[in-house]
Amino acid sequence: MEHNNMLKNDGLPLTPAAWMLGVRQLDALSFLDEELQSLKDQGLYRVPRTLSGQQRARCVFDGRSVVNLSSNNYLGLASHPKMVEAAVKATQELGVGSGAVRTIAGQMDLHKQLEKKLAEFKHVEACLVFQSGFTANAGTVSCILGREDVIISDELNHASIIDGCRLSRAQIKVYPHSDMDGLRQALEEAEGRRKLVVTDGVFSMDGDIAPLPEVVKLAKEYGAAVMVDDAHASGVLGRNGRGTVDHYDLHGQVDIQVGTLSKAVGVLGGYVAGPQKLIDYLVQRARPVLFSTTHPPAVTAACIAAIDILIEHPELIDKLWQNTEYFRSSLRNLGFDTGKSVTPIIPVIVGDERKAMQLADELFAEGVFAQGIAYPTVPKGKARVRTIVTAEHTTEDLDYALQAFAKVGRKLGLI
Ligand code: PMP
């Protein structure tokens, strides 16, 4: 059978235009035109903005200089000189790639060094790094429970947890957001089976923190394991950014902690921290570990340098929180609804979908980049502009953004 349909009969390649024409004649994907049009009609079609230069508190998107309130680069580490230096050195010494899946091609010393460092940092027995926070969540949830078991999940958990639940084939019970009566009911209904309760530590669209002590207490009562996704708490909450378990002083009481290396840590990746037997099992069974190549040396070396920075420079986290309090209280004083936010994720809740998108567009025209977010990412009627403050913002940056919010907010009748 001939696979190479880019070749003409005489063996010469078709030009791309002629090839596209061939594809168009048998357009079996025409249904996507309808789907795309439907997204456009609903105002939900997104074109990612293009950044020129580094991801910073002030930068240039789509040719416009803006105050950036859209990034998860909470501590400004994405371009930290020590991390860049570590990445360059690792690349020069070890190359740009890691070769293959680690259970096949093996792992580098560097990968083991990062995992040891993270385990010590989190005060747990062991740690396993995944390619992303997404694969850490989906790969873990999907592999530790199966058909006979029950996963009990907060309704606002991240998509990667939802996908992991579905892939596990376990029964899924979703409880109302942070509602402990709902959690108790789900636990009662799951009596007699293996159970996992899973929650985000910090919720990514609202910026509220899970009531982890209550979750742990209930889970213990019913013999369920607990997993927390600390994507937005890693490097943000707890001493030196150790996460929600440290924030609530629950060391030893949460079975599975997931963190990201892509947000406050400034690079890329996710990790699972917990008992040695959990990590041993994930290495045997988690599909992203078994079937996808591990990080290149540059990523791993930059993450190692980042953990040193978290330990040596807690003042970065103090600055993040000072900026957070200043920006949130100023938005509230202006009359905006910032919902239940208690972290650097600060939503400005608008309600109407089109108005939220208009607020984001007009803010951008005023030199402020904050993302408009609508259904299905948040419930219908709860559309918002989500702002994220970082340690890198100066008071001038934040005041500039506040002035723009005040101007556009008044124009749109929001305040
Ligand atoms: N969990 C939560 C709560 C998140 O917000 C995200 C990122 N949007 C992830 C997991 C996935 O992390 P990563 O970007 O490292 O894949």
Side-chain angles (χ1 to χ4, degrees), residues 46 48 55 69-75 77-78 114-115 118 127-142 151 153-167 174 177-178 196-210 212 215 226-238 241 243-245 247 254 256-273 286-289 292-296 299-300 302-303 306-307 340-347 370-373 376-378 384 386-390:
R46 317 305 319 243
Q55 181 67 254
L69 295 176
S70 284
S71 143
N72 290 142
N73 183 22
Y74 290 106
L75 302 175
L77 299 190
L114 173 60
E115 287 168 346
L118 282 168
C127 185
L128 181 65
V129 171
F130 285 68
Q131 299 84 353
S132 67
F134 196 105
T135 54
N137 273 333
T140 301
V141 175
S142 63
I151 303 175
S153 174
D154 187 289
E155 68 173 330
L156 294 190
N157 277 344
H158 189 255
S160 51
I161 295 177
I162 298 172
D163 286 6
C165 290
R166 290 176 183 155
L167 286 168
V174 176
H177 178 47
S178 289
L196 173 71
V197 178
V198 54
T199 179
D200 280 8
V202 171
F203 288 87
S204 54
M205 293 300 144
D206 292 272
D208 55 331
I209 307 176
L212 206 53
V215 171
V226 176
M227 167 168 160
V228 62
D229 169 16
D230 260 349
H232 291 278
S234 311
V236 173
L237 271 184
T244 42
V245 168
H247 170 74
V254 171
I256 307 172
Q257 298 179 61
V258 170
T260 47
L261 302 165
S262 342
K263 300 183 193 293
V265 173
V267 196
L268 174 73
Y271 61 88
V272 176
R287 292 170 77 83
V289 179
S292 184
T293 300
T294 190
H295 282 157
V299 167
T300 309
C303 290
I307 305 305
K340 290 182 273 174
S341 162
V342 286
T343 67
I345 297 175
I346 309 172
Q371 203 59 255
I373 293 174
T377 312
V378 292
R384 63 200 60 190
R386 184 180 66 162
T387 69
I388 295 172
V389 170
T390 73

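Worth knowing before you read on, the calculation uses all heavy atoms, side chains too, and leaves out hydrogens, waters and symmetry mates. One-based numbering, in listed order, for ligands and for the atoms of each. Everything quoted here is computed from the prediction, not taken from an experiment.
Look at Gly269 and you'll find a heavy atom under 4.0 Å from some atom of ligand 1.
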Intermediate values then yes/no, side chain to side chain contact (heavy atoms under 4.5 Å, CB included), Ile388 and Asn72
CA-CA 7 Å; Ile388 295 172; Asn72 290 142; 3.2 Å; yes
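Looking from atom 11 (C) of ligand 1 to the surrounding protein, the closest heavy atom is Phe134 N, 3.4 Å. Of the protein's non-hydrogen atoms, the one nearest atom 5 (O) of ligand 1 is His232 NE2, 2.7 Å. Of the protein's non-hydrogen atoms, the one nearest atom 15 (O) of ligand 1 is Ser262 OG, 2.4 Å. For atom 4 (C) of ligand 1, the closest heavy atom belonging to the protein is His158 CD2, 3.2 Å. For atom 8 (N) of ligand 1, the closest non-hydrogen atom on the protein side is Lys263 NZ, 3.1 Å.
In summary, the aromatic rings of His177 and Phe203 are positioned with their centroids under 6.0 Å apart.
For the 3.5 Å distance criterion, the side chains of Ser153 and Asn157 qualify, holding a donor opposite an acceptor.
Atom CD1 of Ile161 and atom OG1 of Thr140 lie 10.0 Å apart (nearest 0.5 Å).
The two residues Leu268 and Val299 come nearest to each other via the heavy atoms O-CG1, 3.5 Å.
Counting only heavy atoms from C-beta outward, the side chains of Tyr271 and Ser234 approach each other to under 4.5 Å. In this structure, the side chains of Asp206 and Arg384 come closer than 4.5 Å at one or more pairs of heavy atoms. Using a 4.5 Å cut-off on side-chain heavy atoms (C-beta onward), Thr387 and Pro347 make no contact.
Annotation for ligand 1: atoms under 4.0 Å from non-hydrogen atoms of Asp229 are 1 (N), 2 (C), 3 (C), 10 (C). Taking every non-hydrogen atom of Thr260 and a distance limit under 4.0 Å, the qualifying atoms of ligand 1 come out as 12 (O), 15 (O). Close approach of ligand 1 to Ala231 (heavy-atom distance below 4.0 Å) involves ligand atoms 1 (N), 2 (C), 3 (C), 4 (C), 10 (C). Taking a cut-off of under 4.0 Å to the non-hydrogen atoms of Asn137, the atoms of ligand 1 that pass are 1 (N), 10 (C). Those atoms of ligand 1 with a heavy atom of Gly133 less than 4.0 angstrom away are 11 (C), 12 (O), 13 (P), 15 (O), 16 (O).
Counting heavy atoms under 4.0 Å from ligand 1, residue Ile161 does not touch it at all.
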